[in-house]
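The structure displayed is predicted, hence computed values, not measured ones. Sequence lines set the chain letters: A, B, ... in the order given, protein chains first and strands last, and positions in each chain run from 1.
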Amino acid sequence: MLDIKWIRDNPEAFDASQKSRGQDVFAKTLIDLDEERRALLTEMQELQALRNTLAKEIGQAKAKGEDAAEVAARASSVKTDLSVAEASANERQQQLQDLLARIPNVLDKQVPEGGEEDATVVSTQGQVPEFSFEPKSHDEIGEALGLMDFAKAAQISGARFVILKGALSRLERALGAFMLDVHTSEFGYQEVNPPLLVRDDALFGTGQLPKFEEDQFLTTDQRWLIPTAEVPLTNLVREEVLPEEKLPQRFTAFTYCFRSEAGSAGRDTRGMIRQHQFSKVELVSIAHPDESEKELEHLTKAAETILQRLGLAYRKILLAAQDTGANASKTYDLEVWLPSQGCYREISSCSLDTDYQARRMNARWAPKSEGKKEKPRFVHTLNGSGLAVGRTLVALLENYQNEDGSVTLPEVLRPYMNGKKEITSDGQLV
RNA sequence: GGAUGGGUGGCCGAGUGGUUGAAGGCACUGGUCUUGAAAACCAGCAGGGUCGCAAGGCUCUCGGGGGUUCGAAUCCCUCCCCAUCCGCCA
């Protein structure tokens with residue numbers, strides 16, 4: 001959520017950002033609406049003041065035992081006017097709120113113009129593997145191992161589900177544990193095991209509601225399956241006022257995520273790239289506004305470290321305007337090399353959301369300053385995948401596959417795989 | 001799911017229709033005292049909105065929303081949350 005006052009003071013900056021994003025709401029609409037709202041508000045408040053004065057008079061008169069009938073009659077008519085004024089002020093207020101709730105964050109100045117093709121490649125790391133044979137796709141490998149079953153998953157749950165078994169099931173668990181260990185022991189994140197079902201307010205707080213309702217799964221009791229652990233993790237600070245010295249707060253969680261994938265019909269239909277349910281290790285930082293830029297680098301580095309340790313080739317890109325999510329002022333994507341597709345595919349998305357989410361969930365911090373007492377201010381929130389576990393498994397299978405169909409396990413994972421080095425072509429761990 | 005009791009400022013807690021945005025305490029900030037610290041004492045200390053150059057004014061907020069009333073933290077309705085007991089259950 002943006003601050004209407006900020007928009008009032010910076011209409012050009014707001015419009016420039018909206019234009020870059022390809023949005024069609026501009027400052028003038030909002031400012032006009034806000035002006036009307038404020039006029040109505042003033043009117044309403046004057047009537048409230050009058051009401052309060054008269055009510056006090058009545059109270060005083062009664063205390064002295066005097067007759068207050070005349071004042072009471074006046075008060076009664078004020079009451080009628082007031083209810084009309086309140087109704088129109090509230091209506092305008094609601095209109096403005098509804099509009100603001102759907103407006104995306106203001107883009108950082110560094111964000112390049114354009115769409116998907118216009119991302120800036122920040123760095124490219126690791127060695128793209130060369131194969132002396134035609135590399136297979138992860139789903140071919142997994143099915144050949146007998147450890148990945150899309151057909152049965154479809155029978156049980158429908159399209160966009162998968163069943164992992166044996167070594168692959170274990171591999172997913174190992175990856176989650178490995179990632180959590182790195183983040184908690186090396187990057188200062190606290191491991192959290194959050195709820196996977198959340199209320200409207202939580203989703204509103206992180207910005208999935210009201211605009212992206214159709215991407216979520218809603219349960220029969222009006223709770224939502226989390227599309228990412230970003231939702232419960234960021235909401236950990238909702239309605240809090242954190243002391244300055246407690247910043248930054250860093251949280252990580254290994255959870256399942258659920259997405260309806262409405263509107264992505266036909267995309268990534270094969271394999272486990274795009275599923276209704278997938279596991280992810282999420283990173284969330286709650287930061288001081290002056291430190292948030294730096295915190296984004298810290299968070300992204302944590303995610304990159306996983307890729308590096310796993311020996312996967314990847315690149316880091318800065319998303320262009322139209323590809324940057326509504327919450328974010330700036331987003332880095334990490335893309336991992338997938339031999340079967342011969343290209344880099346998103347495996348992590350690390351965003352600085354500035355105070356956009358904090359405003360929605362009223363998450364603040366109290367500045368600590370000598371002598372002077374300052375008002376609480378909104379924190380900055382950041383989130384990133386560190387990493388998408390399902391896609392990491394995909395990348396491992398493809399990048400570490402051997403010609404005979406076996407898959408070598410990277411060194412760092414072996415302690416998490418009972419010391420085993422390889423998944424053999426018949427699906428055994430050895 | 002049933003029953004009961006609760007939700008008040010950063011925290012604890014008083015307050016059951018009338019100048020109560022709210023006693024008291026803790027925490028915090030400043031000061032006095034002290035070589036320094038502690039203690040003691042004095043003072044300050046909620047947030048949002050809106051008007052105003054400012055000083056400051058007005059207004060809203062006692063879990064959320066709605067209602068009764070000239071006037072609501074206090075009465076009514078509804079929803080949410082917490083606690084305890086019973087039932088059910090991984």
Which atom pairs, donor and acceptor, lie under 3.5 Å between side-chain atoms of residues 317-327 of chain A and protein residues at least two apart or in another chain?
unit_1, atom_1, unit_2, atom_2, d
Q322(A), NE2, S20(A), O, 3.4
T324(A), OG1, A320(A), O, 2.9
N327(A), ND2, T206(A), O, 2.7

Considering only distance and modelled atom types, tabulate donor-acceptor pairs under 3.5 Å from the side chains of residues 186-195 of chain A, sequence neighbours left out.
unit_1, atom_1, unit_2, atom_2, d
E186(A), OE1, R309(A), NH2, 2.9
E186(A), OE2, R309(A), NH1, 3.0
Y189(A), OH, S285(A), OG, 3.1

Donor-acceptor pairs under 3.5 Å, side chain of residues 162-177 of chain A to any protein atom, not counting sequence neighbours: which ones?
unit_1, atom_1, unit_2, atom_2, d
R170(A), NH2, Y416(A), O, 3.4
E172(A), OE2, Y256(A), OH, 3.3
E172(A), OE2, S279(A), OG, 2.6

List the atom pairs, donor and acceptor, that lie under 3.5 Å between side-chain atoms in residues 4-12 of chain A and the rest of the protein, sequence neighbours left out.
unit_1, atom_1, unit_2, atom_2, d
R8(A), NE, D34(A), OD2, 3.0
R8(A), NH2, D34(A), OD2, 3.2
N10(A), ND2, W6(A), O, 3.0

N/O donor to acceptor pairs below 3.5 angstrom from side-chain atoms of residues 48-59 of chain A, sequence neighbours left out:
unit_1, atom_1, unit_2, atom_2, d
Q48(A), NE2, E86(A), OE2, 3.4
N52(A), ND2, Q48(A), O, 3.4
T53(A), OG1, A49(A), O, 2.7

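No hydrogens or angles considered: nothing links the side chains of Q401(A) and K136(A) as a donor-acceptor pair under 3.5 Å. Side-chain contact of Q94(A) with D98(A): a donor-acceptor pair under 3.5 Å is present, judged by distance alone. Judged purely by distance below 3.5 Å, without hydrogens or angles, the side chains of N105(A) and D353(A) never pair a donor atom with an acceptor atom. Between the side chains of D333(A) and S349(A), at least one donor N or O lies within less than 3.5 Å of an accepting N or O. Checking Q95(A) against E36(A) by side-chain atom types alone, no donor-acceptor pair falls below 3.5 Å.
Listed by chain and number, the residues in a side-chain hydrogen bond (donor to acceptor under 3.5 Å, both in side chains) with K28(A) are D32(A) (sequence neighbours excluded). Residues meeting the side-chain hydrogen bond (donor to acceptor under 3.5 Å, both in side chains) test with S329(A), sequence neighbours left out: none.
Taking atom C1' in both G15(B) and C62(B), the straight-line distance is 11 Å, to the nearest Å. Between the C1' atoms of U20(B) and G71(B), the separation comes to 13 Å (whole Å). For U29(B) and A37(B), the P atoms lie 14 Å apart once the distance is rounded to whole Å. With both ends at atom P, the span from G65(B) to A14(B) equals 25 Å, rounded to whole Å.
Look at R160(A) and E261(A) and you find no salt bridge, because none of the NZ, NE, NH1 or NH2 atoms lies under 4.0 Å from a carboxylate O. The pair K330(A)-D108(A) does not meet the salt-bridge criterion, since no charged nitrogen lies less than 4.0 angstrom from a carboxylate oxygen.
Across all strands shown, C28(B) forms a Watson-Crick or G-U wobble pair, both distances under 3.5 Å, with G44(B). Pairing of A55(B), defined by two Watson-Crick or G-U wobble distances under 3.5 Å, is not identified with any nucleotide. Base pairing annotation: G1(B) forms a Watson-Crick or G-U wobble pair with C86(B), both donor-acceptor distances under 3.5 Å.
Atom CZ of R223(A) has 12 or fewer neighbouring heavy atoms from other residues, nucleotides or ligands inside a 6.0 Å radius.
For the segment residues 27-35 of chain A, the set of residues with a heavy atom within less than 4.0 Å of an atom of RNA chain B is empty. Residues from residues 92-99 of chain A that place a heavy atom under 4.0 Å from any atom of RNA chain B: there are none.
A donor-acceptor pair under 3.5 Å is absent between the side-chain atoms of T354(A) and the main chain of H380(A), judged by distance alone. Of the possible donor and acceptor atoms, none in the side chain of Q18(A) sits under 3.5 Å from a partner among the backbone N and O of F26(A).
The listed nucleotides are C81(B), C51(B), C60(B); the one nearest the side chain of R223(A) is C81(B).
If you measure from atom CD of Q48(A) to atom C1' of G57(B), you get 15 Å, rounded to the nearest angstrom. Atom pair L242(A):CG and G47(B):P shows a separation of 15 Å (rounding to whole Å applied). Counting to the nearest Å, the C1' atom of C80(B) and the CZ atom of R238(A) are 12 Å from each other. In this structure, M361(A) atom CE and G47(B) atom P are separated by 21 Å, rounded to whole Å. Remark: P of U50(B) and CG of D3(A) are 9 Å apart, rounded to the nearest angstrom.
Position along RNA chain B of the nearest nucleotide to R37(A) versus E46(A) favours R37(A) as the more 5'-ward residue. Of the two residues near RNA chain B, N362(A) and R38(A), the one whose nearest nucleotide lies more 5' is N362(A).
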Between protein and nucleotides 66-77 of chain B, what N or O pairs are separated by less than 3.5 Å?
unit_1, atom_1, unit_2, atom_2, d
C70(B), N4, K62(A), NZ, 3.4

Close N or O pairs between protein and nucleotides 6-10 of chain B (under 3.5 Å):
none

Between N or O atoms, less than 3.5 Å apart, protein on one side and nucleotides 53-56 of chain B on the other: list the pairs.
none

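Within the 4.0 Å cut-off from OP1 or OP2 of U50(B), at least one side-chain nitrogen or oxygen of R8(A) is found.
Note on P376(A): only backbone sugar-phosphate atoms sit closer than 4.0 angstrom, heavy atoms only; bases stay farther off.
Between the side chain of Q60(A) and the base of G18(B), no donor-acceptor pair under 3.5 Å is found.
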